[in-house]
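Accompanying notes for the structure given below.
Every chain is numbered from 1 and lettered A, B, ... according to where its sequence line falls, protein lines coming before strand lines.
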Amino acid sequence: MVKIATRRLDKAAILDISGDIDLAHSTEVRRVVLVEFRENRTPKVILNLIAVNYIDSSGVASLVEGLKASRDVGARMMLVGLSPIVYEVLELSKLLKIFEIYDTEALALEA
Amino acid sequence: MARAGLLLRLELTSNPEILSVVRSAVTCLAANLGFPEADTRALTRAVDEALANVIRHAYANRPGQPIELLCRRVTERAAEKRGPALEIVMVDRGISVVRKKFCGRELDDVRPGGLGMHFIQNGVDVVQYSRHLRKNRLRLVKFLPAQAPEQANGKGEW
């Protein structure tokens, strides 16, 4: 199960994602992230992943798609609150360096 | 039917919602066999990705199709290593999976998709795919950690 709650602060959208981003649920994450960039034209989208228990390759693919969509529209996508499990998967994928990753939401908002 | 060294047998259907249940079962099994936490996570990830591949590719996302998952304690010989290991076999009746899909992709190629096979290969010591009688059979093997208690193979014990 995955839950996504959206908060808005100034020109940023913060997506609080909890649960498992796996084959069953990654399409929902992808959909919400793409809507922020392509339809809402949000300049800065912060994905708060602190409550994500598991992420698989389809979940990683959703994050990469979100990042590419952000670049297409000149916006920014940031990741915060990476749990050791999520960090491990991104590291294994050699994708840590392509994402903007911050320890906290406050740091991402300031950036 | 008795199966030597059988630890766990699951009859599943090709529904993505079942993946979290399988992850929990494999995590518990691996922990009980003495795998360190990092190895347990890697093994669980490998099984999860392999099952996801069956659902997505062999069954083309059609729900309700049969998948059998068997976990056994075996003595494995691979390359220069021989010893007790956990064998996980997944059998499905989907379409033949093109061998190319078992190669993964270069990690420097940043794009969505193609990571699953990389996660599978990272998590286990042996990956073998075969097709027989219209069934796909994927065999994953991970050697047990050295500190695991020695037990006779084929007794179905921990």
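- Applying the 6.0 Å contact sphere to CG of A:Asp103 captures no more than 12 heavy atoms from other residues, nucleotides or ligands.
- When heavy atoms are compared at a cutoff of 4.5 Å, B:Ile55 approaches chain A solely by way of its side chain, counted from C-beta outward.
- Shown here is B:Arg77, whose CZ atom has no more than 12 heavy atoms of other residues, nucleotides or ligands within 6.0 Å.
- Hydrophobic clustering (side-chain heavy atoms under 4.5 Å, transitive across Ile, Leu, Val, Met, Phe, Trp, Tyr) keeps A:Ile101 apart from A:Leu107.
- At most 12 non-hydrogen atoms from other residues, nucleotides or ligands lie less than 6.0 angstrom from CZ of B:Arg93.
- B:Val126 is not connected to B:Phe35 by any chain of hydrophobic side-chain contacts under 4.5 Å among Ile, Leu, Val, Met, Phe, Trp and Tyr, and they are in different clusters.
- Taking CD1 of A:Ile85 as the start and OG1 of B:Thr44 as the end, the distance is 9.5 Å to the nearest 0.5 Å.
- Not a single side-chain contact (heavy atoms from CB on, under 4.5 Å) links B:Ala31 to another residue, sequence neighbours left out.
- A continuous path of ILVMFWY side-chain contacts below 4.5 Å connects A:Met77 to A:Ile4, so both sit in one hydrophobic cluster.
- In this structure, CG on A:Leu95 lies 6.0 Å from CG on B:Leu115, to the nearest 0.5 angstrom.
- Among residues 16-28 of chain A, the residues having any heavy atom closer than 4.5 Å to a heavy atom of chain B are, in sequence order, A:Asp20, A:Asp22, A:Leu23, A:Ala24.
- Below 4.5 Å, heavy atoms of chain A meet heavy atoms from B:Pro16, B:Glu17, B:Leu19, B:Ser20, B:Arg23, all part of residues 15-24 of chain B.
- In this structure, A:Ile98 is a member of the same hydrophobic cluster as A:Val89, with clusters built from ILVMFWY side-chain heavy atoms closer than 4.5 Å.
- By a heavy-atom distance cut of under 4.5 Å, A:Tyr54 are the residues of residues 30-55 of chain A near chain B, going up by number.
- Counting non-hydrogen atoms of other residues, nucleotides and ligands closer than 6.0 Å to CZ of A:Arg8 gives a total above 12.
- A distance of 10.5 Å separates OG of A:Ser57 from CZ of B:Arg45, quoted to the nearest 0.5 Å.
- Tracing side-chain contacts under 4.5 Å through hydrophobic residues (I, L, V, M, F, W, Y), one reaches B:Leu10 starting from B:Leu138; they form part of the same cluster.
- Of all the heavy atoms in A:Leu92 and B:Phe119, the pair that sits closest is CD2-CD2, 3.6 Å.
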